Amino acid sequence: MTNANLYLTFAQQSFSHADDRIFLQTPGREPLLYSQLDGLTAQLQHRLIGLGVKKGDRVMVQVAKSYEALILYLACLRAGAIYIPLNTAYTAAEVDYFMADATPQVVVCDPRGFEALKPVADKLKVPHLLTLSEKGEGSLQDHVAELPAEADVVAVTTDDLAAILYTSGTTGRSKGAMLSHENLRSNAQVLHDYWQWQDGEDVLLHALPIFHVHGLFVALHCALLGTSTVHFLPKYEVNEIMRLIPESTVMMGVPTFYTRLLDEENFDQSLVSNMRLFISGSAPMLAETHYQFTERTGLSILERYGMTEAGMITSNPYDGDRVPGTVGFALPGVQVRVADDEGNALSAGETGVLEVIGPNVFKGYWQMPEKTAAEFRKDGWFITGDLSTMDKEGRVSIVGRAKDLIISGGYNIYPKEIEGEIDLIPGVKESAVIGVPHKDFGEGVTAVVVADGSADISESVIVSALDGKLARFKQPKRVYIVDELPRNTMGKVQKAQLRDQYQDSYAS
Ligand code: MCA
Ligand code: AMP
């Protein structure tokens with residue numbers, strides 16, 4: 001049986017003949033070369049084995065973006081371990097849930113987060129809590145340099161898991177989407193080919209976080225397969241992006257990346273003359289942003305669509321019309337349909353929920369068979385929860401969401417989770433959390449709260465009560481205290497009405 005380990009695909013297709021090409025470069029650090037990758041990942045694989053990590057064990061990672069964080073990801077792949085990246089903004093209270101759910105053998109955190117996570121890890125009897133800083137230092141690295149720079153890549157099947165990515169849910173706590181080596185490999189290969197990656201020549205401008213599908217899998221897998229050099233920036237900072245665009249050929253980002261660039265006077269055609277491709281996704285891009293971008297640069301942004309559970313699903317074409325307001329066609333090997341509530345395919349132009357099937361679609365939610373069953377049709381199609389239409393040629397537009405979801409700056413936020421926390425605050429009777437237009441983040445998290453009279457509440461009381469409980473990006477940017485929430489005759493809160501009422505919250 002052939003070894004389906006994704007690491008081998010990268011090594012065989014790319015590193016083994018990369019010579020001295022640079023893989024990652026970060027301001028203030030020596031570049032990391034492709035030729036160093038095999039030895040460094042082998043050493044870290046030995047470190048993991050020494051910590052008792054076996055095939056199928058979980059390694060949970062909540063660390064700043066660094067070369068070493070990526071080396072750790074690749075080491076987990078080659079060790080056959082399941083990599084679980086977490087958003088660095090999550091609080092210890094949030095991480096508690098993930099640790100309890102995933103029962104990792106090893107947790108690696110930022111040294112600054114160690115004190116807060118230690119009691120959680122002790123309570124849950126996590127065998128090892130180690131640290132890794134943005135400079136690549138910490139207890140994970142203890143004696144790593146002395147370990148052998150060679151190791152066998154653990155044999156896995158196509159169905160063995162490479163990663164679990166937690167995604168919040170409409171109905172409660174987060175669910176761990178189980179992604180196999182083949183899920184990741186097939187999607188990476190398709191994107192590399194579809195976007196006509198220029199092997200050994202492309203230079204990727206990377207300012208996304210590496211704990212989500214977009215920054216870790218979509219961007220870095222394309223780069224790894226294409227032996228690209230990556231400007232690996234700790235975070236998105238518009239001046240740094242402007243400085244590096246002339247040295248790059250491809251950038252991937254969420255719409256906020258592009259609206260911020262358009263606010264810069266010097267962002268123009270001459271600046272982007274070296275760029276081959278700008279890609280956007282994770283959140284809808286306004287057609288207006290597409291038009292402004294083309295007017296300023298002469299280039300059109302390629303918008304694609306996907307989700308954690310299925311990687312990339314559709315893409316506007318590389319050659320051919322990129323149509324603003326659409327997300328293009330199903331990627332090769334991936335099938336999509338717009339379906340009614342029973343999963344029957346609708347005709348062109350009709351609105352329904354997008355469903356997807358293909359080698360990219362995940363293996364289900366970690367230890368949640370009922371939730372998994374509820375989101376798949378009997379014939380294997382996955383229900384995305386995104387409202388869409390498809391034209392006769394198969395071009396898809398996302399027109400809304402059947403799921404109660406807010407997307408803020410490319411991060412998904414489920415109102416239910418925020419409402420649950422707000423409702424626990426003394427003096428709160430009930431709450432409704434909505435997303436309303438926000439110039440920078442696309443949607444701004446906004447809470448509408450009803451008091452029960454037992455304690456004084458105000459916007460600042462609510463905001464400070466949420467501090468430490470929820471990651472900052474999830475916290476409402478505005479809170480309105482009202483007498484009651486609008487409800488329909490069935491008693492259901494009318495969120496559409498609230499969204500209308502508060503639509504100008506961030507207008508200025
Ligand atoms: C930061 N803040 C936010 C967000 N980001 N608030 C709401 N929404 C956000 N997205 C808050 C911080 O908590 C802080 O608040 C203040 O803004 C400044 O923080 P800072 O870190 O400086 O913000 P920033 O650097 O300006 O970040 C904005 C950003 C970033 C660049 C848009 O959020 C980002 O990189 N987003 C990308 C997310 C992503 O990769 N999504 C892909 C998901 P305070 O001052 O109050 O503390 S994968 C996916 O969706 C699927 C598969 C797909 O299709 O790709
Ligand atoms: P996540 O759960 O973080 O993987 O986010 C996936 C969700 O992001 C999808 O279900 C969509 O709602 C949304 N999304 C991703 N790309 C796009 C896009 N280009 N246009 C509209 N929505 C998008």
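First listed ligand is number 1; within each ligand, the first listed atom is number 1. These numbers were taken from a predicted model, which means no experiment stands behind them.
The closest approach between Arg304 and ligand 1 falls below 4.0 Å for a heavy atom of the residue. The closest approach between Lys477 and ligand 1 falls below 4.0 Å for a heavy atom of the residue. Using a 4.0 Å heavy-atom cutoff, Gln475 is absent from the residues neighbouring ligand 1. Residue contact annotation: Pro209 has a non-hydrogen atom under 4.0 Å from ligand 1. The closest approach between His214 and ligand 2 stays at or above 4.0 Å for every heavy atom of the residue.
In this structure, Arg29 forms a cation-pi arrangement with Tyr67, its terminal cationic atom sitting closer than 6.0 Å to the ring centre and no more than 45° off the ring axis. Because its NZ or CZ atom is not both nearer than 6.0 Å to the ring centre of Tyr365 and within 45° of the ring axis, Lys371 does not count as a cation-pi partner of that residue. A cation-pi arrangement, defined by a distance under 6.0 Å to the six-membered ring centre and an angle within 45 degrees of its axis, is present between Arg322 and Tyr318.
Closest to atom 17 (O) of ligand 1 by heavy atom, among Tyr411, Phe217, Tyr236, Phe441, is Phe441. Of all the listed residues (Glu237, Arg260, Glu443), Arg260 holds the heavy atom that lies closest to atom 27 (O) of ligand 1. Closest heavy-atom approach to atom 34 (C) of ligand 1 among the candidates Ser282, Gly444, Gly409: Gly409. Heavy-atom proximity to atom 8 (N) of ligand 1, evaluated over Ala207, Gly306, Ser408, is greatest for Ser408. Scanning Gly385, Ala283, Pro255, Gly325 for the heavy atom closest to atom 18 (C) of ligand 2 points to Ala283.
A distance-only check finds no donor-acceptor pair linking the side chain of Lys363 to the backbone of Asp160 [under 3.5 Å]. Side chain of Glu342 to main chain of Asp340: no donor-acceptor pair is present (N/O by atom type, distance under 3.5 Å, no hydrogens or angles).
If you check which protein heavy atom lies closest to atom 19 (N) of ligand 2, you get Arg304 O, 2.7 Å. In this structure, the protein non-hydrogen atom closest to atom 9 (C) of ligand 2 is Asp386 OD2, 3.3 Å. Gly410 O, 2.9 Å is the protein heavy atom nearest to atom 41 (N) of ligand 1. For atom 2 (O) of ligand 2, the closest non-hydrogen atom of the protein is Asn412 ND2, 2.7 Å. The nearest protein atom to atom 16 (N) of ligand 2, hydrogens excluded, is given as Ser282 N, 3.1 Å; this is a heavy-atom distance.
Neither the backbone nor the side chain of Met285 comes within 4.0 Å of ligand 2, counting heavy atoms alone. The part of Lys403 lying near ligand 2 is the side chain, judged by heavy-atom distances below 4.0 Å. When heavy-atom distances to ligand 2 are checked against a 4.0 Å cut-off, Val327 comes that close only through its side chain, counted from C-beta outward. At a heavy-atom distance under 4.0 Å, no atom of Ser280 approaches ligand 2. Proximity of Val213 to ligand 2, defined as any heavy-atom pair under 4.0 Å, is not found for any part of the residue.
The environment of Asp341 atom CG is sparse: at most 12 non-hydrogen atoms of other residues, nucleotides or ligands sit within 6.0 angstrom.
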Is there a ring pair (Phe, Tyr, Trp, His ring centres under 6.0 Å) between Tyr258 and Phe267 once you walk through the steps?
-> CA-CA 10 Å; Tyr258 295 103; Phe267 181 67; 8.3 Å; no
Check the pair Thr256 / Tyr236 against side chain to side chain donor-acceptor pair (under 3.5 Å), numbers first and verdict last.
-> CA-CA 10 Å; Thr256 302; Tyr236 182 91; over 6 Å; no
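Atom numbering of ligand 2 starts at 1 in the shown order; those under 4.0 Å from a heavy atom of Thr308 are 1 (P), 2 (O), 3 (O), 4 (O). Near Thr308, meaning under 4.0 Å from one of its heavy atoms, ligand 1 places the atoms 52 (C). Listed by atom number, the atoms of ligand 2 under 4.0 Å from Ile407 heavy atoms are 8 (O), 12 (O), 13 (C). Close approach to Glu303 involves these atoms of ligand 2, each under 4.0 Å from a residue heavy atom: 18 (C), 19 (N), 20 (N). Contact atoms of ligand 1 toward Arg472: 13 (O), 44 (P), 46 (O), 47 (O) (distance under 4.0 Å to a heavy atom of the residue). The atoms of ligand 1 that sit less than 4.0 Å from any heavy atom of Leu208 are 40 (O). Close contacts between ligand 1 and Lys235 involve ligand atoms 20 (P), 21 (O), 22 (O), 25 (O) [criterion: under 4.0 Å to a heavy atom].
For atom 32 (C) of ligand 1, the nearest protein heavy atom lies under 4.0 Å away. In this structure, atom 15 (O) of ligand 1 is not in close contact with the protein, since no protein heavy atom lies within 4.0 Å of it. Protein heavy atoms are absent from the space less than 4.0 angstrom from atom 19 (O) of ligand 1.
For the ring-ring contact (aromatic ring centres under 6.0 Å, His included) criterion with Phe98, the lone passing option out of Phe211, Trp366, Tyr166 is Tyr166. Under the side-chain contact (heavy atoms from CB on, under 4.5 Å) test applied with Glu247, the options Thr249, Ile245, Leu244 reduce to a single match, Leu244.
In this structure, a donor-acceptor pair under 3.5 Å is present between the side chains of Arg395 and Asn316. A donor and an acceptor atom, one from each side chain of Tyr305 and Ser388, are nowhere located under 3.5 Å apart. Counting only N and O atoms by type, the side chains of Asn360 and Ser186 include no donor and acceptor under 3.5 Å apart. In summary, the side chains of Glu94 and Thr91 do present a donor paired with an acceptor at a separation below 3.5 Å, with no hydrogens or angles considered. Looking only at atom types and distance, the side chain of Asp159 has no donor-acceptor partner in the side chain of Ser180 under 3.5 Å away.
Between Glu309 and ligand 2, no N or O atom pair is found at a separation short of 3.5 Å. At under 3.5 Å, not a single nitrogen or oxygen of Phe257, backbone or side chain, sits near a nitrogen or oxygen of ligand 1.
Note on ring orientation: taking the six-membered ring where Trp is involved, the planes of Phe473 and Tyr90 are tilted (angle from 30° to 60°). Ring geometry for Phe376 versus Phe382: interplanar angle of 30 to 60°, hence tilted.
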